[in-house]
Amino acid sequence: MDGNGRWAKKRFLPRFFGHKAGVDALVKIVQACIDRGIEHLTVFAFSSENWKRPSDEVSGLMGLVLAAVSRYLAKMGAMGVRIRIVGDRDAVSDKLRAAWNEAESSTAHNSKLTLNVAFNYGGRWDIVQATRKAIAAGVPAEELTEAKLSEFMAMAHAPDPDLFIRTGGEVRISNFLLWQVAYTEFFFSDCLWPEFDEHELDAAIAAFHERDRRFGGVKETTA
Ligand code: IPE
Ligand code: MG
């Protein structure tokens, strides 16, 4: 969900207002995904590297997440959304950890759409934490297959993503789901995240349908 800061700057507003508009954009996109029958949506909300931002922006983002949980949790629940947080919770405040736990437990019975919120997440962190967990579980080296390691990844409960969308015009992964995107289709949008709406989502889905997915195999041919 990239481009919040630039969206605000274009309007001569502090960056925080861009993040605020970004939350509203997310709520609309969750509904649009439900309408389209999408069952898993994973959003990159805060990366392991975002701590490098000025402290007032970091604390603004943390406060915004708390406000978003209290404002939208009931609505998300009513929409049939199951919320799951993926990322390192050790470094976040007790207050935020409690809000995450509440968001997860109060929506655990929902199954229409799983919203995975990647927070204090990094693709490399995920691979390292999975490996550590596998070692701690006593998995012998010769049994540590791709499938085995996948069981310890933060997104083990979800299928690998079909489509990866990055907004904001940047054409890179920036340490998002590295392990999981081996055969994912990529779509890069020039929309700044607060402007990303169901029309741009449909453009991404239409582009996805044009792709020829072979997963390393060859295309099936017909006579
Ligand atoms: C949002 O966009 C990403 C978050 C970390 C919440 P940015 O804050 O990266 O916006 P730009 O790239 O400066 O426009
Ligand atoms: Mg950015």
Side-chain angles (χ1 to χ4, degrees), residues 1-8 15-33 38 40-73 75-77 79 81-104 106-107 113-126 129 153-155 157-158 161 163-168 170 172-181 184 189 191-197 201:
M1 302 187 286
D2 196 16
N4 294 347
R6 280 164 284 165
W7 182 90
R15 293 175 58 82
F16 177 76
F17 286 83
H19 296 313
K20 216 162 163 272
V23 173
D24 299 333
L26 174 59
V27 174
K28 286 189 195 138
I29 287 300
V30 170
Q31 184 59 58
C33 287
I38 293 164
H40 290 271
L41 173 65
T42 303
V43 294
F44 206 2
F46 192 85
S47 83
S48 324
E49 290 75 34
N50 285 150
W51 298 104
K52 292 182 203 158
R53 295 191 176 200
S55 63
D56 61 332
E57 180 164 349
V58 171
S59 58
L61 278 166
M62 298 297 157
L64 185 62
V65 171
L66 282 171
V69 171
S70 72
R71 179 156 178 211
Y72 290 116
L73 183 56
K75 181 179 167 132
M76 289 283 163
M79 284 158 66
V81 175
R82 175 171 191 172
I83 296 175
R84 300 187 84 136
I85 312 303
V86 290
D88 184 359
R89 292 184 206 205
D90 291 344
V92 305
S93 71
D94 293 345
K95 225 174 160 185
L96 188 52
R97 203 168 18 252
W100 283 151
N101 292 340
E102 158 77 4
E104 286 186 332
S106 70
T107 61
L113 177 143
T114 300
L115 173 63
N116 302 294
V117 180
F119 199 92
N120 196 20
Y121 177 89
R124 289 180 173 177
W125 165 83
D126 197 3
Q129 71 80 28
M153 303 294 294
M155 294 279 295
H157 59 275
L163 174 61
F164 174 114
I165 301 171
R166 180 174 184 146
T167 60
E170 236 71 78
R172 54 177 173 258
I173 299 187
S174 300
N175 200 18
F176 197 24
L177 307 167
L178 300 180
W179 174 268
Q180 297 85 350
V181 296
T184 297
S189 166
C191 268
L192 302 173
W193 172 252
E195 293 166 346
F196 189 85
D197 60 8
L201 176 66

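If you read the sequence from its start, that first residue is 1, and numbering goes on from there.
Ion pair E104/R97 not flagged as a salt bridge, since none of the NZ, NE, NH1 or NH2 atoms sits closer than 4.0 Å to an Asp/Glu carboxylate oxygen. Salt bridge annotation for R166-D2: present, with a cationic side-chain nitrogen under 4.0 angstrom from a carboxylate oxygen.
Within the 4.5 Å cutoff, the side chain of M79 has heavy atoms near those of the V30 side chain. At a threshold of 4.5 Å between non-hydrogen side-chain atoms, the residues L96 and R89 do not count as touching. Residues M62 and F119 form a side-chain contact, since some pair of their non-hydrogen atoms from C-beta on lies under 4.5 Å apart. For the pair F196/I165, a side-chain contact is recorded, criterion being any heavy-atom separation below 4.5 Å from C-beta on. In this structure, the side chains of I173 and L178 come closer than 4.5 Å at one or more pairs of heavy atoms. Taking the side chain as every heavy atom from C-beta outward, P194 and N4 approach each other to under 4.5 Å.
Closest of all the heavy-atom pairs between L177 and P161 is CD1-CG, 4.1 Å. Heavy-atom minimum distance, S106 versus L73: OG-CD2, 3.6 Å. Nearest heavy-atom pair, N116 versus A158, reported as atom, atom and distance to 0.1 Å: ND2-CB, 4.4 Å. Looking at every heavy atom in both residues, V86 comes nearest to A154 through CG1-O, 3.4 Å.
Side-chain atoms of D88 and Y121 form no donor-acceptor pair, as typed in the model, at a separation below 3.5 Å. With no hydrogens or angles considered, a side-chain donor-acceptor pair links W51 and N120 at under 3.5 Å. Defined by atom type and a distance below 3.5 Å, a donor-acceptor pair is missing between the side-chain atoms of T107 and R84.
Remark: E102 pairs with no residue by the side-chain hydrogen bond (donor to acceptor under 3.5 Å, both in side chains) rule, at least two apart or across chains.
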For this session: Check step by step if side-chain contact (heavy atoms from CB on, under 4.5 Å) holds for L61 and F16.
Result: CA-CA 8 Å; L61 278 166; F16 177 76; over 6 Å; no
Exercise. Which is it for M155 and W179 under the side-chain contact (heavy atoms from CB on, under 4.5 Å) test, yes or no, and what are the steps along the way?
Worked result: CA-CA 10 Å; M155 294 279 295; W179 174 268; over 6 Å; no
For this session: Report the C-alpha distance between T42 and Q180 in whole Å, list the side-chain angles of each, state the deciding distance to 0.1 Å, and finish with yes or no for side-chain contact (heavy atoms from CB on, under 4.5 Å).
Result: CA-CA 11 Å; T42 303; Q180 297 85 350; over 6 Å; no
Problem set entry | side-chain contact (heavy atoms from CB on, under 4.5 Å) between T114 and L41, worked out | CA-CA 6 Å; T114 300; L41 173 65; over 6 Å; no
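Atom OG of S93 and atom CH2 of W100 lie 10.0 Å apart (nearest 0.5 Å). The line from NE2 of H19 to CZ of F46 is 9.5 Å long, rounded to the nearest 0.5 Å. With rounding to the nearest 0.5 angstrom, the CG atom of L115 is 12.0 Å from the CD1 atom of I29. How far CZ of R124 is from OG of S48: 10.5 Å, rounded to the nearest 0.5 Å.
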Could you list the donor-acceptor pairs under 3.5 angstrom formed by side chains in residues 64-72, with sequence neighbours left out?
unit_1 : atom_1 : unit_2 : atom_2 : d
S70    : OG     : A67    : O      : 3.2
Y72    : OH     : D24    : OD1    : 2.7

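Among pairs with a residue in residues 40-55, those fulfilling salt bridge (Lys or Arg N to Asp or Glu O under 4.0 Å) read R53-E57, at least two apart in sequence or across chains.
A centroid separation of 6.0 Å or more is found between the aromatic rings of F17 and W7.
Q129 places no side-chain N or O within 3.5 Å of a backbone atom of M153 that could act as its donor or acceptor partner.
Note on ring orientation: taking the six-membered ring where Trp is involved, the planes of F176 and F44 are parallel (angle under 30°, cut-offs 30° and 60°).
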